[in-house]
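All residue numbers refer to positions in the sequence shown, counting from 1. Note that ligands are numbered from 1 as they come in the structure, with each ligand's atoms numbered from 1 the same way. A quick note: this is a predicted structure, and the numbers were derived from the prediction, not measured.
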Amino acid sequence: MNDVFEKIIKGELPSEKVYEDEETFAFLDINPTNPGHTLVVPRHYSRNIHDISEKDWIAMIKVVRALAPAIQKAVGADGVNIIMNNESAAGQLVFHSHVHIVPRFNDDGFKHWKGAPYKEGEMAEVGEKIRKQVGR
Ligand code: 5GP
């Protein structure tokens with residue numbers, strides 16, 4: 001793969017790197033929701049949650065855990081969102097696994113996702129479908 005994140009990891013495209021190790025690379029999002037918005041990317045290519053190896057997932061998520069408080073502190077944020085978009089329907093634009101660390105401020109105006117209650121009996125139906133898929 002030679003997607004935009006691959007090029008950033010290889011240094012073929014510039015980025016504002018905030019952390020790297022043998023398995024991951026983290027840099028500032030070029031179009032941040034708030035300043036400090038960071039992307040954590042495994043060096044080894046995968047498209048998203050559906051094909052990432054357990055090894056790469058663990059490496060990525062460990063870095064997310066370590067960076068989140070540092071980023072929140074560095075930009076003086078009040079909170080932080082950890083987000084992964086998987087496939088276009090979920091807003092994925094770059095098809096190379098990555099997790100967003102988004103600093104949040106009490107007054108930044110971004111609201112919680114909209115929700116709506118289940119219809120009568122629907123919650124149990126959905127729960128049953130998922131349990132069947134999970135298979136345990
Ligand atoms: P997605 O929607 O795929 O989860 O998010 C992709 C993110 O990558 C977007 O927030 C976008 O701003 C960011 N992005 C896309 N191209 C570049 C780039 O060339 N450099 C940097 N630093 N971020 C990028």
> Closer than 3.5 angstrom, by distance alone: can the side chain of Arg43 be matched with the main-chain N or O of Asp21 as a donor-acceptor pair?
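Yes, because the side chain of Arg43 sits within donor-acceptor range (under 3.5 Å) of the backbone of Asp21.
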
> Does some non-hydrogen atom of Ser15 fall short of 4.0 Å from ligand 1?
no

> So, does Gln92 use its side chain to make a donor-acceptor pair with the main chain of Val94 at under 3.5 Å?
yes

> Taking only heavy atoms of Gln92 into account, list the atoms of ligand 1 that are under 4.0 Å away from them.
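Those qualifying, in numeric order: 2 (O), 3 (O).
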
> Out of Val102, Asp29, Val94, indicate the one that has the non-hydrogen atom closest to atom 7 (C) of ligand 1.
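Comparing heavy atoms across Val102, Asp29, Val94, the nearest one to atom 7 (C) of ligand 1 lies in Asp29.
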
> Looking only at distances, can you tell me whether any N or O atom of Gly91, backbone or side chain, sits closer than 3.5 Å to an N or O atom of ligand 1?
yes

> Could you tell me whether some N/O pair between Phe27 and ligand 1 is separated by less than 3.5 angstrom?
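Between Phe27 and ligand 1 (N or O atoms, distance only) the closest approach is not under 3.5 Å.
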
> Measure Leu39 to ligand 1 on non-hydrogen atoms and call it side chain, backbone, both or neither using the 4.0 Å cut-off.
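Just the side chain.
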
> Do Val40 and Ile83 land in one hydrophobic cluster if side-chain heavy atoms of ILVMFWY residues count as linked below 4.5 Å?
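No: no chain of side-chain contacts under 4.5 Å links Val40 to Ile83.
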
> Please confirm whether Phe5 approaches ligand 1 to less than 4.0 Å, judged on its heavy atoms.
yes

> Can you list the atoms of ligand 1 that are under 4.0 Å from a heavy atom of Asn31?
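Those qualifying, in numeric order: 12 (O).
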
> Does some non-hydrogen atom of Ile8 fall short of 4.0 Å from ligand 1?
yes

> So is His98 in contact with ligand 1, going by heavy-atom distances below 4.0 Å?
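His98 counts as a contact of ligand 1 under the 4.0 Å cut-off.
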
> Purely on distance, is any nitrogen or oxygen of Ile30 under 3.5 Å from one on ligand 1?
yes

> I'd like to know if the side chain of Asn48 and the backbone of His50 have a donor-acceptor N/O pair within less than 3.5 Å.
yes

> What protein heavy atom is closest to atom 22 (N) of ligand 1, reported as residue, atom name and distance in Å?
Leu28 O, 2.9 Å

> Does the N or O separation between His100 and ligand 1 drop below 3.5 Å for any pair?
yes

> For the side chain of Glu122 and the backbone of Lys119, is there at least one donor-acceptor N/O pair under 3.5 Å apart?
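Yes, because the side chain of Glu122 sits within donor-acceptor range (under 3.5 Å) of the backbone of Lys119.
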
> How many angstroms lie between atom OG of Ser15 and atom CD1 of Ile30, to the nearest 0.5 angstrom?
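If we round to the nearest 0.5 Å, Ser15:OG and Ile30:CD1 are 9.5 Å apart.
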
> For a 4.5 angstrom cut-off between non-hydrogen side-chain atoms, does His96 reach Glu6?
yes

> Need the ligand 1 atom indices (1-based, order shown) with element for anything under 4.0 Å from a heavy-atom of Asn85.
1 (P), 2 (O), 4 (O)

> Please list, in number order, the atoms of ligand 1 under 4.0 Å from a heavy atom of Leu93.
1 (P), 2 (O), 3 (O)

> Against heavy atoms of Val4, which atoms of ligand 1 measure under 4.0 Å?
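Selected atoms, number and element: 19 (O).
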
> Exactly one of Leu39, Thr38, Val18 should register a side-chain contact (heavy atoms from CB on, under 4.5 Å) with Phe27. Which one does?
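When side-chain contact (heavy atoms from CB on, under 4.5 Å) is applied between Phe27 and each of Leu39, Thr38, Val18, only Leu39 qualifies.
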
> I'd like to know if Arg47 pairs up with Asp51 as an ion pair, taking the criterion as any Lys NZ or Arg NE/NH1/NH2 lying under 4.0 Å from an Asp or Glu carboxylate oxygen.
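Not counted as a salt bridge, because no side-chain N and carboxylate O are separated by less than 4.0 Å.
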
> Against His98, only a single residue in Phe25, Phe5, Tyr45 fulfils ring pair (Phe, Tyr, Trp, His ring centres under 6.0 Å); can you say which?
Phe5

